[in-house]
Engineer: 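Pasting a structure here, questions to come.
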There are 2 protein chains.
Amino acid sequence: MGSTIRDVARAAGVSASTVSRALSERGSVSGETRSRVIAAAERLDYRPNPTARGLITGRTGNLGLIVPDLLNPFFADVAKGLQSRARATGLSVFVADADEDPRLELEAVQSLTRQVDGLVLCSPRSDVAELVRHAATPVVLIHRRHPGLSSVTADVSGGTVKAVQNLRALGHTTIAYVDGPAASWVGGQRREGLREAVQATGVEVIHLGNFAGTFDGGFAAADLMLASPATAVLAYNDIVACGLLNRLAARGVRVPDDVSVVGYDDVTIAMMTYPPLTTVHLPRQSAARTAVDLLVAAIKDPDVAPREDVLATHLVVRASTGVPARR
Amino acid sequence: MGSTIRDVARAAGVSASTVSRALSERGSVSGETRSRVIAAAERLDYRPNPTARGLITGRTGNLGLIVPDLLNPFFADVAKGLQSRARATGLSVFVADADEDPRLELEAVQSLTRQVDGLVLCSPRSDVAELVRHAATPVVLIHRRHPGLSSVTADVSGGTVKAVQNLRALGHTTIAYVDGPAASWVGGQRREGLREAVQATGVEVIHLGNFAGTFDGGFAAADLMLASPATAVLAYNDIVACGLLNRLAARGVRVPDDVSVVGYDDVTIAMMTYPPLTTVHLPRQSAARTAVDLLVAAIKDPDVAPREDVLATHLVVRASTGVPARR
DNA sequence: GAAAGTTGCGGTACCGTTTCCACGATAGCT
DNA sequence: AGCTATCGTGGAAACGGTACCGCAACTTTC
């Protein structure tokens, strides 16, 4: 089956340690010996056993990613980006879906931490300090910040300001906001952005309250929005916006003629709605890339100072926003 | 940091082998000794090092999943289902996104196979025999069949028949079909189902040709569909259907009044389109569950006979299909 | 030409766990 | 009482690598 380093050593007429050195490009080996070893390894189709290597080096060559829900395209995107960057770095990645359950998040940390060199926590729902206490490896956060930890976040409040400015420029003066789960960290960021935007532009913001961050959440919020004097609505994320669009269409409200809708995230389906959704673009693939890089740095040197990267956001204007009609 | 089995042994006043036996419920240990060991392990927060255990047992406790594209909600769903079932079985899962690239699929097999006890290949794009040649562990296929391998597929052709029968019952006699990539295995299944359906119902099927299995593919196909005499259209999958809906809406065609649209997969966004999409439901979470179970069986006994499970499909009728208008 | 440094390689000791074997003690049998 | 099972336990080997040390041969230096 799998040939071992000793098989290669025998075939090449050298010792096991020499094979190890020759193949890992470490230590000094004569060119002639090295090529003989490489030839033998090739012939036997030898691949170092990662488990055995991991035992002695303490490195697994793996990264772990914990997300609240893979079905949310936002997290799927992060997973994809992380995967791709990890592959480029020669790492494999464990993915754990915590099903929006803080308990499962902790469980995932515990079961993964021994098998990976580093952990990426994406939008964790639970207490970060608690999670980190159970992690035996470096940790990087995505879409959440925590003192003393490296993190990659997006400038959500800046994006919010841009969105509101754009709506204001179109002529909207009263804007509804559909909030998500109250505990959400990014939710806090958005509300802060809204306060800033109100100060900067003078628009009036109507908080419609907390809804689930899902299609149904948006669906439910639509009726409240229509009952309000707002001419535009900012949704917690694109999925919520999608629910809004749907309910609005069902009620015969035209978008953007009667109501303008703006989402957050710019996930794939934001382009697929009708009309295509104006949305605040949050970088995901690049966030994932950065997260891998931060992690790799922390693995190489555990004492490296944590870094809090904030990625720029921008507004993607599509067809769901326009000049408000008189109501 | 992490305490070892010897630390526990010392703390409990026994040997390392006794600790191993006590904790793994294997072999004979007196009740008194066991509880002393367990107490010591608890106190030291001892967790067996999975790497070391893996080295000696040859088991990693991990599963590998290779999908073409995590952004496709279909595959994200499979990943989620697999993950959840694996967790319930005490396994962790590696996820590899091959980016629709056969070369990356092979690479993923090679880099994962030594770190897992079993591999799940979901809709592989490449030659399955070639992939399996490089796998050192049991393999289960999802959404593809291959002689000698366990697989979990959905009865796509049966679902197709149901879809066509439904359209026929509504009064459609000419149906367009938007095909996906020519090489696709499921594509073949759908075409076969179409042939069956034509025989059974006598409808006429117009093949609009091969398109990318994406939103853009559907977008592009819409114009061809409108130029044909068909009153209903079957799309390669829900995403393609979504593209169709969009282009139809943009051209002022009403769904389902002017044209009926049917998708495949029943992914989440099928509920979120306007109008909500009638679609052939393909089980994913249960496919993933079955795949884990088949794999676990194959891991326990490598000589177990391969099983080809075919899961039932059904038509989910939503608002995108209706009685055809005279054109 | 001898001392010192460099290079290439083999031997050995681990990494942390499980598994196999041996051994003493206790129990059950004739 | 002696002989054989059975049970509980400790010791040692093994899994497949890498790291460290030491040694021989060769090169450099004054």
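A, B, ... follow the sequence lines: proteins, then strands. Residue 1 opens every chain.
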Engineer: Counting only side-chain N and O atoms of B/T18, is one of them less than 4.0 Å from OP1 or OP2 of D/dT9?
Structural biologist: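 For D/dT9, OP1/OP2 do not have a side-chain N/O of B/T18 under 4.0 Å.
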Engineer: Tell me: CG of B/L23 to C1' of D/dG8, nearest whole Å?
Structural biologist: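 In whole Å, D/dG8 C1' and B/L23 CG are 16 Å from each other.
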Engineer: Return the value, rounded to whole Å, for the distance between atom CD of B/E25 and atom C1' of C/dT17.
Structural biologist: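 These atoms are roughly 17 Å apart.
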Engineer: Please report the distance, rounded to the nearest Å, between CZ in B/R6 and P in C/dT18.
Structural biologist: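 For the pair B/R6 CZ and C/dT18 P, the rounded distance is 11 Å.
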Engineer: Calculate the interatomic distance between B/R34 atom CZ and D/dG8 atom P; express it in whole Å.
Structural biologist: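 Going from CZ in B/R34 over to P in D/dG8 covers 9 Å.
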Engineer: Looking only at side chains, do A/S15 and A/S17 share a donor and an acceptor under 3.5 Å apart?
Structural biologist: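 Distance-only check passes for A/S15 and A/S17.
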Engineer: Classify the nucleic acid contact of B/T57 as base, sugar-phosphate or nothing, counting any heavy atom under 4.0 Å across all strands shown.
Structural biologist: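 Sugar-phosphate contact only.
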Engineer: Where the side chain of B/T89 meets the backbone of B/L91, is there a donor-acceptor pair that is under 3.5 Å apart?
Structural biologist: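 Checking the backbone N and O of B/L91 against the side chain of B/T89, no donor-acceptor pair under 3.5 Å is found.
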Engineer: When you match B/A16 and A/S15 each to their closest nucleotide on DNA chain C, which lands nearer the 5' end?
Structural biologist: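 Upstream on the strand: A/S15.
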Engineer: Using the rule given for side chain to side chain donor-acceptor pair (under 3.5 Å), can you reason through A/E105 versus A/S126, listing the C-alpha separation, both sets of side-chain angles and the distance that settles it, and then say yes or no?
Structural biologist: CA-CA 7 Å; A/E105 273 180 357; A/S126 23; 2.3 Å; yes
Engineer: For the pair made of CZ in B/R21 and C1' in C/dT17, what is the distance, rounded to whole Å?
Structural biologist: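 Between C1' of C/dT17 and CZ of B/R21: 13 Å.
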Engineer: Whole-Å distance between C/dC14 C1' and B/N49 CG?
Structural biologist: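 The answer, rounded to whole Å, is 14 Å.
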Engineer: Could you pick out which residue, A/S17 or A/A52, lies toward the 5' side of DNA chain D when each is mapped onto its nearest nucleotide?
Structural biologist: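 It is A/A52 whose nearest nucleotide is closer to the 5' end.
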Engineer: Using the rule given for side chain to side chain donor-acceptor pair (under 3.5 Å), can you reason through B/D117 versus B/T137, listing the C-alpha separation, both sets of side-chain angles and the distance that settles it, and then say yes or no?
Structural biologist: CA-CA 6 Å; B/D117 297 336; B/T137 57; over 6 Å; no
Engineer: Base, sugar-phosphate, or nothing for A/T33, non-hydrogen atoms under 4.0 angstrom?
Structural biologist: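 Sugar-phosphate only.
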Engineer: Could you tell me how far apart A/I5 (CD1) and C/dG10 (P) are, to the nearest whole angstrom?
Structural biologist: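 Atom CD1 in A/I5 sits about 12 Å away from atom P in C/dG10.
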Engineer: So, does B/S30 get its side chain near the phosphate of D/dT9, meaning an N or O under 4.0 Å from OP1 or OP2?
Structural biologist: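 Checking B/S30 against D/dT9: at least one side-chain N or O falls below 4.0 Å of OP1 or OP2.
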Engineer: Any idea which heavy atoms bring A/E130 and A/H134 closest together, and the distance?
Structural biologist: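 That closest heavy-atom pairing would be O-ND1, 3.1 Å.
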Engineer: Return whichever of B/V29 or B/L55 has its heavy-atom-nearest nucleotide of DNA chain D closer to the 5' end.
Structural biologist: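 That would be B/V29.
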Engineer: Starting at atom CD1 of A/I56, determine the distance to atom P of C/dT12, rounded to an integer number of angstrom.
Structural biologist: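 The answer, rounded to whole Å, is 17 Å.
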